[in-house]
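Just the heavy atoms: all of them, side chains too, but no hydrogens, waters or symmetry mates, feed the values below. Letters A, B, ... mirror the listed sequences (proteins, then strands); counts begin at 1. Just so you know, these numbers come straight off a predicted model, no measurement behind them.
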Number of protein chains: 2
Amino acid sequence: MLSISPKSQNMRRTKEEAEQTRNAILEAAVDVFTEKGVARATLEQIAKAANVTRGAVYWHFKNKTDIFVALHDELHRPFIQDLVDGLENTGDDPLQSLKSYCIELVTRLEDDLYLRRVLSLFLLKCDYTGSLQVCQERTIDARREKSEVLSKFFEKAQSKGTLSADLDPKTLTLALNCFMRGIAMEYLENADTMSIREEAPKLFSVFFRKWN
Amino acid sequence: MLSISPKSQNMRRTKEEAEQTRNAILEAAVDVFTEKGVARATLEQIAKAANVTRGAVYWHFKNKTDIFVALHDELHRPFIQDLVDGLENTGDDPLQSLKSYCIELVTRLEDDLYLRRVLSLFLLKCDYTGSLQVCQERTIDARREKSEVLSKFFEKAQSKGTLSADLDPKTLTLALNCFMRGIAMEYLENADTMSIREEAPKLFSVFFRKWN
DNA sequence: TTTAAAATACATTCATGTATGTATGTTGTC
DNA sequence: GACAACATACATACATGAATGTATTTTAAA
């Protein structure tokens with residue numbers, strides 16, 4: 001939580017300071033959203049958590065949806081893009097490096113509390129009916145791109161002979177997507193009782209078992 | 001949508017008729033919840049969809065949460081219990097029958113529109129922060145039981161020699177849970193463009209590949 | 001001086017919960 | 001079996017609070 005520089009109240013900020021309160025509002029929004037859920041979160045609560053008034057919030061954002069969209073664009077979409085990038089560099093054994101990457105990815109959920117909170121927000125603490133629907137639609141491209149990269153990945157592995165030719169890349173892609181998503185949700189729901197660092201290697205060993 | 005018998009308004013109903021309007025309210029709630037999302041759904045909308053007034057709703061239920069809990073108890077918890085029961089009968093080849101059961105289960109999502117709507121409601125159209133949290137907690141037992149049955153299932157398969165002994169039943173259970181959940185969510189989100197009847201056999205063939 | 005970055009004040013909407021009305025079903029009593 | 005007494009199953013009306021959006025004001029930066 002960014003704390004605003006302690007000027008006397010109602011003092012006009014410089015450009016950088018303004019940008020700073022904007023960020024403070026966004027960070028506060030993550031907190032309030034994850035605690036109360038997006039729907040029950042109120043702008044007053046967000047403002048208070050950011051040490052400002054609703055006036056500041058309305059100065060920077062149109063409404064609650066606008067805040068959520070901003071967060072989604074800043075955090076969730078880049079996250080999916082990260083997945084894409086992380087798959088670009090192919091090692092000698094594509095399948096093995098893919099497996100390692102998957103493990104590292106979900107393990108990051110255990111290490112990076114902020115990532116966990118953010119992802120939990122977008123996967124668990126909101127529903128995308130109504131005004132939040134646009135967020136899904138906007139990430140469709142990123143998701144599709146991710147799937148295509150994955151498919152190419154499997155095809156490459158097949159051409160290298162490290163992946164059995166009778167496995168359909170499209171199906172493998174869908175399967176891995178579902179599996180990852182399920183793991184993420186399961187962990188985010190039970191982060192207190194579950195150790196992903198222990199489970200992830202075992203889980204993906206089962207999943208990638210004898211694919212070659 | 002159950003239609004109430006066309007009596008003139010404000011006429012007292014018999015016990016059975018009252019039970020009927022209670023059901024009408026619940027069915028209407030499913031509709032409104034899935035369309036608007038649980039949070040944005042209003043009791044007025046539910047009442048209107050059930051052809052009653054809010055008075056009737058408040059007669060049968062304490063508030064919106066009460067309605068949701070009733071639905072959850074009537075529909076989601078039994079569904080998990082169904083999973084448990086469906087796994088009890090072990091065929092000659094446990095692993096093969098498990099695979100068939102999984103396929104049949106997700107295929108049911110495509111055939112049974114109502115099931116799809118209901119499951120979509122509980123997996124997609126609500127978040128369990130706040131007052132809805134009790135629902136999760138109440139299903140914990142059912143989920144744990146389901147996992148235990150699955151584990152026993154794998155152990156049995158191992159003792160019969162149809163499942164490799166080096167696979168950990170606990171891990172397989174968790175993996176399958178995650179996989180199923182991911183598939184369900186992926187399909188529910190894209191029910192219009194995705195054919196589960198085609199994908200499910202391929203997906204589970206990948207998942208259960210060479211486990212023996 | 002003008003304008004950006006807020007705070008403050010105000011109006012409005014909207015959903016909720018509750019209180020009340022009311023017509024009818026139900027039940028015990030004779 | 002009739003009838004009073006009561007309970008039930010709602011509809012209607014109302015009070016309230018809470019969140020929202022906007023209009024206005026304040027302060028200092030540019």
Side-chain angles (χ1 to χ4, degrees), chain A residues 2-29 32-33 35-70 129-132, chain B residues 2-26 28-29 32-33 35-70 126 129-132:
Chain A
L2 272 163
S3 62
I4 310 288
S5 56
K7 296 187 174 181
S8 65
Q9 61 179 13
N10 211 12
M11 189 175 251
R12 195 196 161 187
R13 323 280 170 159
T14 79
K15 269 199 169 113
E16 293 123 34
E17 283 172 323
E19 183 65 18
Q20 204 172 319
T21 80
R22 196 192 120 99
N23 289 334
I25 291 171
L26 286 176
E27 291 192 28
V32 178
F33 281 163
E35 271 165 47
K36 309 263 177 178
V38 175
R40 304 191 338 133
T42 180
L43 293 185
E44 175 70 31
Q45 296 167 336
I46 293 176
K48 196 164 288 178
N51 277 326
V52 293
T53 64
R54 270 173 52 246
V57 176
Y58 273 103
W59 174 256
H60 288 285
F61 303 96
K62 256 183 64 188
N63 48 34
K64 193 164 74 175
T65 301
D66 199 32
I67 297 179
F68 185 86
V69 171
T129 51
S131 55
L132 271 52
Chain B
L2 273 165
S3 64
I4 311 287
S5 57
K7 296 188 174 182
S8 64
Q9 60 180 10
N10 211 12
M11 191 174 252
R12 196 196 159 188
R13 324 282 170 154
T14 79
K15 271 194 170 123
E16 294 122 35
E17 283 172 323
E19 183 66 18
Q20 204 171 320
T21 79
R22 196 192 119 101
N23 289 334
I25 291 170
L26 286 176
V32 178
F33 282 164
E35 271 165 47
K36 309 261 177 180
V38 175
R40 304 192 335 132
T42 181
L43 294 185
E44 174 70 32
Q45 295 167 338
I46 293 176
K48 196 164 289 179
N51 277 325
V52 293
T53 63
R54 269 172 54 245
V57 176
Y58 273 104
W59 173 255
H60 288 285
F61 303 95
K62 258 183 63 188
N63 47 34
K64 193 164 73 174
T65 301
D66 199 31
I67 298 180
F68 185 88
V69 171
C126 67
T129 50
S131 55
L132 270 52

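- A close approach under 4.0 Å does occur between a side-chain nitrogen or oxygen of B/T21 and OP1 or OP2 of D/dC10.
- Taking OG1 of B/T42 as the start and CZ of B/R54 as the end, the distance is 7.5 Å to the nearest 0.5 Å.
- With rounding to whole Å, B/E44 atom CD is found 10 Å from C/dA15 atom C1'.
- Between the side chain of A/K64 and the backbone N or O of A/A41, at least one donor-acceptor pair lies under 3.5 Å.
- With rounding to whole Å, B/R40 atom CZ is found 13 Å from D/dT20 atom P.
- When the P atom of C/dC14 is taken as reference, atom CD of B/Q45 falls 11 Å away, rounded to whole Å.
- When the P atom of D/dA9 is taken as reference, atom CG of B/N23 falls 13 Å away, rounded to whole Å.
- Atom CG in B/N51 sits roughly 19 Å away from atom P in D/dA9 (whole-Å rounding).
- Judged as a side-chain contact (heavy atoms from CB on, under 4.5 Å), and not counting sequence neighbours, B/T53 has no contacts.
- Partners of A/E44 by salt bridge (charged side-chain N to carboxylate O under 4.0 Å, His left out), not counting sequence neighbours, listed by chain and number: A/K48.
- Spacing between atom CD1 of B/I67 and atom P of C/dG17 amounts to 10 Å, rounded to whole angstrom units.
- Separating the NZ atom of B/K48 from the P atom of D/dA11 is a distance of 13 Å, rounded to the nearest angstrom.
- To the nearest 0.5 Å, the span separating OG1 on B/T21 from CG on B/N51 amounts to 11.0 Å.
- Remark: A/T53, A/G55, A/A56, A/W59, A/H60 in residues 53-66 of chain A come within less than 4.0 Å of DNA chain C through at least one heavy atom.
- The phosphate of C/dC14 has neither OP1 nor OP2 within less than 4.0 Å of any side-chain N or O from B/T42.
- For the atom pair CD1 of A/I25 and NE2 of A/H60, the computed distance is 5.0 Å after rounding to the nearest 0.5 Å.
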